[in-house]
Enquirer: 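First the structure, then my questions, so here it is.
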Protein chains: 2
Amino acid sequence: MAQESRPTLATVAAHAKVSRQTVSNVLNSPEVVLPDTRERVLRAIAELDYRPNVVARQLRTRRSYVLGLRMPPTTDGISGQVLDRFLHALTDEAQRAGLRVMLFTADDDEAEIREYENLRATTGIDGFVLTATHEGDPRTRWLADHDVPFVSFGRPWDDAGTGDGTSHEHAWVDIDGRAGTRAATRHLLDAGHRHIAFLGWPEGSGVGDDRHAGWYEALADAGLAGDAVVHRTMDDGVAQGAAAANRALVRDDVTALVCVSDSIALGALAAVRELATSRPDRAPVAVTGFDDTPVAGAVDLTSVAQPVGDVAARAVELLRAQIDGRPDAVNRQALIEPYLVVRGTTRAPR
Amino acid sequence: MAQESRPTLATVAAHAKVSRQTVSNVLNSPEVVLPDTRERVLRAIAELDYRPNVVARQLRTRRSYVLGLRMPPTTDGISGQVLDRFLHALTDEAQRAGLRVMLFTADDDEAEIREYENLRATTGIDGFVLTATHEGDPRTRWLADHDVPFVSFGRPWDDAGTGDGTSHEHAWVDIDGRAGTRAATRHLLDAGHRHIAFLGWPEGSGVGDDRHAGWYEALADAGLAGDAVVHRTMDDGVAQGAAAANRALVRDDVTALVCVSDSIALGALAAVRELATSRPDRAPVAVTGFDDTPVAGAVDLTSVAQPVGDVAARAVELLRAQIDGRPDAVNRQALIEPYLVVRGTTRAPR
DNA sequence: CTCCGCGGTTTGAACGATCTAATACAGGAC
DNA sequence: GTCCTGTATTAGATCGTTCAAACCGCGGAG
């Protein structure tokens, strides 16, 4: 009800009979203040329920402790979920580290860069979190060139060869997709499967090729690489997954499908179930997905889960270090190991 | 590369040979400035690529044009998707209206209220967007009591009776769930179905009861209310949906299921398909969901879609009006009509 | 001729914090 | 007693903007 304005440094100072600066010191470098005085000031702060105005502080120090994040475009797909969970974790971790997350939108990379500049110029945002990095991404270059702190969720997928040799690698965190599909494939091998096909995206996407590599490695380790079967879809999607699965299952000996995403896996699952009714004689076919989206849980699909919480924690750590001017305090790159969530689609035949 | 600091009002003023205040006026109330001068100042602004420092402005005017939003808790369910899409639309609309969205997290309503206060006191956030309002929600009361601008996505679900008669209704936007299930039910009636069951949540949740009411109304309008069959699940979820569907389909004459959510519908769909193989003689059963999540598209499920874009646009409009001090410029409540997306699960039997 | 009113512009203070430099004071060396 | 050193605290300037009031020149009324 009461409209009275909040207390300021000056109010607290008067109340504790010290100067503004002493109050400021109590908050920012308590060690320079005599214990007696400090105590008195802290009491005054508590009594008045004083809280520093971060806007004024920001104007003076040119530090906002705010991170910008382009709202990940709604992919309409099922896997978009991962980014939403990441956003949640990021907000959480940032808050814990004394940072805030501010959102914005942009239609493409160029617009996003314009928005970086705008946000820096007008609101003094301290850093950015990038998602969905891709080959030849202009955003990372711009940010690096302008000395803006940032971290990307996703590796730079450029050819190592094309870049200048200076290895100006920026800070990033990513999921080790290769380890994920490797784990899924090993799990299937352990269960006795010998002919395991991979349903993937078109060649050329960094993420997709990485996941493909993990499956291949596991087969090679088991001495089964000669028999590797791959079927690529045109695009991510449930219908595409079903089509690819049908193509793969033409071969009678194929008993398991490792899928590059939950969407594809969902389609594969439908194809597999149809096959089970039309050809009851055939051995049951196991399926694994990738991302562990809510749908995977719903249809009891084994899937590779991305620990987005860990990714977010690491991203915040990296950004905080850059903002505080100690960019090399921590390793600037982190590859996080996903884990397999085993569900019904890979359990022993019923 | 160049580290030189950005131009300020003073820089522009010097460049255009006017005072700071005149530059400020050109930006904020151009009509008080002589066209000649205005022209000159605008040229200087363009030449220097000047952009006002919103932090300094905020300190002086005590307006931030920033909205706070508690990151919707990840429901793990499939329907959580809706809030993510809303968040995206909100960011978009806010940006268009000159507002920004800042995120925070909180574990419960009390913590959320503490965070409101904290954000107001320290960063001077101008308003809040609430999601997932529920019965006896303490947040709306606190915000209203403290004269903080806010809009909720979701009606206040309190009993109209218990409140004081003053109808201190706050600003809100919501989806007309009743109209949604009504449309779905009518669609089924038009297709010739006569025994349409409803699979819903436990009684007592505002949203669930609202959706239930729409189904009942449609049946009553068709003179079929006497035969209404309802089955409630214990909780939202795919397994629960399957169980409820099986209970409903015990009656042989039931040929359609209207579901309160896509999760339930997904389960129902599985049950229906199983039934189709075990009893091929029986008429095919139609299913509708609610939310039109990506999964619905994936499994070809007819579902009621929430136009979250419209909700977001309206929410921003309402907040902007409050922040600008004209709280009654627009209707403070808006009920938005969802629409039905017809897909395979309600098409004529194959 | 003086004075008033008025539109356009300028000046100085204020928002609430931090930075820099100055000050007060106590204790020790000579 | 004087001077120096070092520590705890204070005063004033500053960040970039907007608010409030003052200023200035000019035309018209008295």
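Just so we're on the same page: letters track the sequence lines, and every chain starts at 1. Note that these values count all heavy atoms, side chains included, but never hydrogens, waters or copies made by symmetry.
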Enquirer: Please name the residue in the list A/W142, A/F150, A/Y116 that meets the ring-ring contact (aromatic ring centres under 6.0 Å, His included) test with A/F128.
Expert: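 Result: among A/W142, A/F150, A/Y116, A/Y116 is the only option passing the ring-ring contact (aromatic ring centres under 6.0 Å, His included) with A/F128.
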
Enquirer: What is the distance, to the nearest angstrom, from the CD atom on A/Q21 to the C1' atom on C/dT23?
Expert: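 About 14 Å, once rounded to whole Å.
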
Enquirer: Would you say a side-chain N or O of B/T61 is under 4.0 Å from OP1 or OP2 of D/dT18?
Expert: no

Enquirer: Nearest 0.5 angstrom please: A/M102 CE to A/L119 CG, how far?
Expert: 8.0 Å

Enquirer: How many angstroms lie between CD1 in B/I125 and CZ in B/R120, if you round to the nearest 0.5 Å?
Expert: 9.0 Å

Enquirer: So what does A/V54 hit on the nucleic acid, given a heavy-atom distance under 4.0 Å: a base, only sugar-phosphate, or nothing?
Expert: nothing

Enquirer: Using a cut-off of less than 4.0 Å, is there contact between a side-chain N or O of A/N25 and OP1 or OP2 of D/dT9?
Expert: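 The answer is no; no side-chain N or O of A/N25 sits under 4.0 Å from OP1 or OP2.
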
Enquirer: Pick base, sugar-phosphate or nothing for A/V55, based on heavy-atom distances below 4.0 Å to the nucleic acid.
Expert: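 Touches nothing.
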
Enquirer: B/T37 side chain N/O closer than 4.0 Å to the phosphate oxygens (OP1, OP2) of C/dT9?
Expert: yes

Enquirer: Take the protein atom CD of A/E31 and the nucleotide atom P of D/dA8, then report the distance between them rounded to whole Å.
Expert: 10 Å

Enquirer: For B/N28 and D/dT17, what is the distance between atoms CG and C1' respectively, to the nearest whole Å?
Expert: 9 Å

Enquirer: Without decimals, in angstroms, what is the distance between A/L9 CG and D/dG12 C1'?
Expert: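 For the pair A/L9 CG and D/dG12 C1', the rounded distance is 15 Å.
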
Enquirer: What is the separation between atom CZ on B/R120 and atom P on C/dG16, rounded to the nearest whole Å?
Expert: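 Those two atoms, CZ and P, are 14 Å apart.
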
Enquirer: So, is B/R62 near the phosphate of C/dG16, with a side-chain N or O under 4.0 Å from OP1 or OP2?
Expert: yes

Enquirer: How is B/L59 classified with respect to the nucleic acid when contacts are heavy atoms under 4.0 Å: base, sugar-phosphate, or nothing?
Expert: base

Enquirer: Starting from P on D/dC24, measure out to CG on B/L34 and report it in whole angstrom.
Expert: 19 Å

Enquirer: Is B/R70 reaching over with its side chain to a backbone N or O of B/L130, donor-acceptor style, under 3.5 angstrom?
Expert: no

Enquirer: State whether the distance check finds a donor on one side and an acceptor on the other, under 3.5 Å, for side chain A/Q58 versus base D/dC15.
Expert: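 Checked by distance alone, the answer is no.
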
Enquirer: Counting only side-chain heavy atoms from C-beta out, which of D/dG16, D/dA11, C/dA17 sits nearest to A/Y50?
Expert: C/dA17

Enquirer: Figure out the CZ/P separation between A/R6 and C/dA17, and round it to whole Å.
Expert: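 Distance check: A/R6 CZ to C/dA17 P gives 10 Å.
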
Enquirer: Do B/R57 and D/dT17 have a side chain to base donor-acceptor pair shorter than 3.5 Å?
Expert: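 Check fails, no donor-acceptor contact within cut-off.
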
Enquirer: A/R38 CZ to D/dT9 P: how many Å, rounded?
Expert: 10 Å

Enquirer: Examine the base of D/dT17 for any acceptor or donor lying under 3.5 Å from a partner atom in the side chain of B/R60, and report the outcome as yes or no.
Expert: no

Enquirer: For atom CG of A/D49, is the number of surrounding heavy atoms from other residues, nucleotides or ligands below 6.0 Å larger than 12?
Expert: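 Check passes, neighbour count above 12.
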
Enquirer: With respect to the phosphate group of C/dT10, does any side-chain polar atom (N or O) of B/S19 fall under 4.0 Å of OP1 or OP2?
Expert: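 Answer yes for this pair, as a side-chain N or O of B/S19 is under 4.0 Å from OP1 or OP2.
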
Enquirer: Side chain of B/R20, base of C/dG12: donor and acceptor closer than 3.5 Å?
Expert: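 Indeed there is one.
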
Enquirer: Quick check on B/D108: does its CG atom have over 12 non-hydrogen neighbours (other residues, nucleotides or ligands) under 6.0 Å away?
Expert: yes

Enquirer: For D/dC15, does either OP1 or OP2 sit under 4.0 Å from a side-chain N or O belonging to B/N53?
Expert: no

Enquirer: Quick check on D/dT10: is either OP1 or OP2 less than 4.0 Å from any side-chain nitrogen or oxygen of A/T22?
Expert: yes

